[in-house]
Amino acid sequence: SRECATSGVEAHAGRLWVLELTGRIHEVEPESGNIVRTMETERDLRGLAYDGEHLVSLSSKGIVFLYPASGHLDRMVPMNYPLRSIGFHDRRFFLMEQPVEGFDRNHDPMRISPETTLLYVGTL
């Protein structure tokens, strides 16, 4: 196996699909942990899900749908706000908004917005 900083993991077709922070997606044999194949994708992707047809991830511009065979972009759904993570279950997407963080007057870290974590549920 190989060490890498991950941004998402998804199970599909008897394999694990691991999204590296560099934008690479590794197809991993679960029993051995060996990387079977590596696909180069857009950098700065976050989260990974499989919707029955595509590997789905988040970019700074929106939700990206990638072909599992190649990692190439099929389509993108633009978003007006940044998203942190994605999941897919029972034909619905679960999207978590990226909180805006900053510092208070004492320079301690704080969440600026939203006050609570927002989770959107829907279909695309």
Side-chain angles (χ1 to χ4, degrees):
S1 71
R2 173 181 151 189
E3 288 186 36
C4 61
T6 60
S7 178
V9 177
E10 179 62 48
H12 158 62
R15 304 275 194 200
L16 292 176
W17 302 79
V18 179
L19 173 61
E20 199 176 295
L21 287 174
T22 63
R24 291 185 195 98
I25 297 178
H26 303 287
E27 182 180 350
V28 178
E29 166 59 45
E31 288 79 24
S32 66
N34 291 330
I35 295 174
V36 176
R37 175 171 62 119
T38 298
M39 298 176 284
E40 298 289 334
T41 66
E42 181 178 329
R43 293 184 67 90
D44 301 322
L45 294 179
R46 298 174 306 280
L48 192 62
Y50 181 71
D51 69 357
E53 185 179 350
H54 296 94
L55 292 170
V56 186
S57 189
L58 308 168
S59 76
S60 59
K61 297 176 185 172
I63 303 167
V64 295
F65 292 80
L66 307 169
Y67 291 112
S70 65
H72 292 122
L73 180 69
D74 177 33
R75 72 182 197 275
M76 184 191 61
V77 177
M79 299 300 288
N80 293 329
Y81 45 84
L83 298 168
R84 173 179 274 183
S85 63
I86 185 169
F88 186 82
H89 177 71
D90 198 24
R91 298 190 317 229
R92 296 182 302 166
F93 284 99
F94 297 83
L95 306 166
M96 187 173 81
E97 190 172 321
Q98 173 69 43
V100 177
E101 298 176 340
F103 298 92
D104 65 14
R105 291 181 181 178
N106 296 321
H107 303 286
D108 292 323
M110 65 175 282
R111 179 184 285 208
I112 297 171
S113 71
E115 284 186 28
T116 59
T117 299
L118 296 178
L119 183 66
Y120 302 98
V121 180
T123 58
L124 297 174

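Sequential numbering from 1 along the given sequence is applied to the chain's residues. No hydrogens, no waters, no symmetry mates; every other heavy atom, side chains included, goes into these values.
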For the atom pair CD (Glu101) and CZ (Phe103), what is the distance rounded to the nearest 0.5 Å?
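Rounded to the nearest 0.5 Å, the CD-CZ separation comes out at 8.5 Å.
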Distance (rounded to the nearest 0.5 Å) between Asp74 CG and Leu55 CG: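 Going from the CG atom of Asp74 to the CG atom of Leu55 covers 11.5 Å.
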Return yes if some donor-acceptor pair links the side-chain N/O of [X] with the main-chain N/O of [Y] below 3.5 Å, else return no.
{"X": "Ser57", "Y": "Arg46", "answer": "yes"}
{"X": "Asp104", "Y": "Asn106", "answer": "yes"}
{"X": "Asn34", "Y": "Val36", "answer": "no"}

Would a hydrophobic clustering, with Ile, Leu, Val, Met, Phe, Trp and Tyr connected at side-chain separations under 4.5 Å, put [X] with [Y]?
{"X": "Phe88", "Y": "Val77", "result": "yes"}
{"X": "Leu19", "Y": "Met76", "result": "yes"}
{"X": "Leu73", "Y": "Leu48", "result": "yes"}

Less than 4.5 Å apart, side chain to side chain, heavy atoms only: is that true for [X] and [Y]?
{"X": "Leu58", "Y": "Leu95", "answer": "yes"}
{"X": "Leu66", "Y": "Met39", "answer": "no"}
{"X": "Arg92", "Y": "Phe94", "answer": "yes"}

Where at least one partner belongs to residues 36-63, residue pairs that pass ring-ring contact (aromatic ring centres under 6.0 Å, His included), sequence neighbours excluded
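The answer is His12-Tyr50, His54-Phe65, His54-Tyr67.
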Shortest non-hydrogen contact between [X] and [Y], atoms and distance:
{"X": "Arg37", "Y": "Trp17", "answer": "NH2-CH2, 3.3 Å"}
{"X": "Thr41", "Y": "Gly71", "answer": "CG2-O, 3.5 Å"}
{"X": "Val64", "Y": "Ser59", "answer": "CG1-OG, 4.0 Å"}
{"X": "Leu21", "Y": "Ser7", "answer": "CD2-CB, 3.6 Å"}

List the residues meeting side-chain contact (heavy atoms from CB on, under 4.5 Å) with Ile112, not counting sequence neighbours, and say none if there are none.
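Counting only residues at least two positions away or on another chain, Ile112 forms a side-chain contact (heavy atoms from CB on, under 4.5 Å) with Val100.
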side-chain contact (heavy atoms from CB on, under 4.5 Å) partners of Asn80, counting only residues at least two apart:
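For Asn80, no residue satisfies side-chain contact (heavy atoms from CB on, under 4.5 Å) once neighbours in sequence are set aside.
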Mind checking what makes side-chain hydrogen bond (donor to acceptor under 3.5 Å, both in side chains) contact with [X], not counting sequence neighbours?
{"X": "Arg15", "value": "Glu27, Glu29"}
{"X": "His72", "value": "Ser70"}
{"X": "Thr22", "value": "Glu20, Arg24"}

- Item | Inter- and intrachain pairs under salt bridge (Lys or Arg N to Asp or Glu O under 4.0 Å), touching residues 56-65, at least two apart |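 Pairs touching residues 56-65 that pass the test: none.
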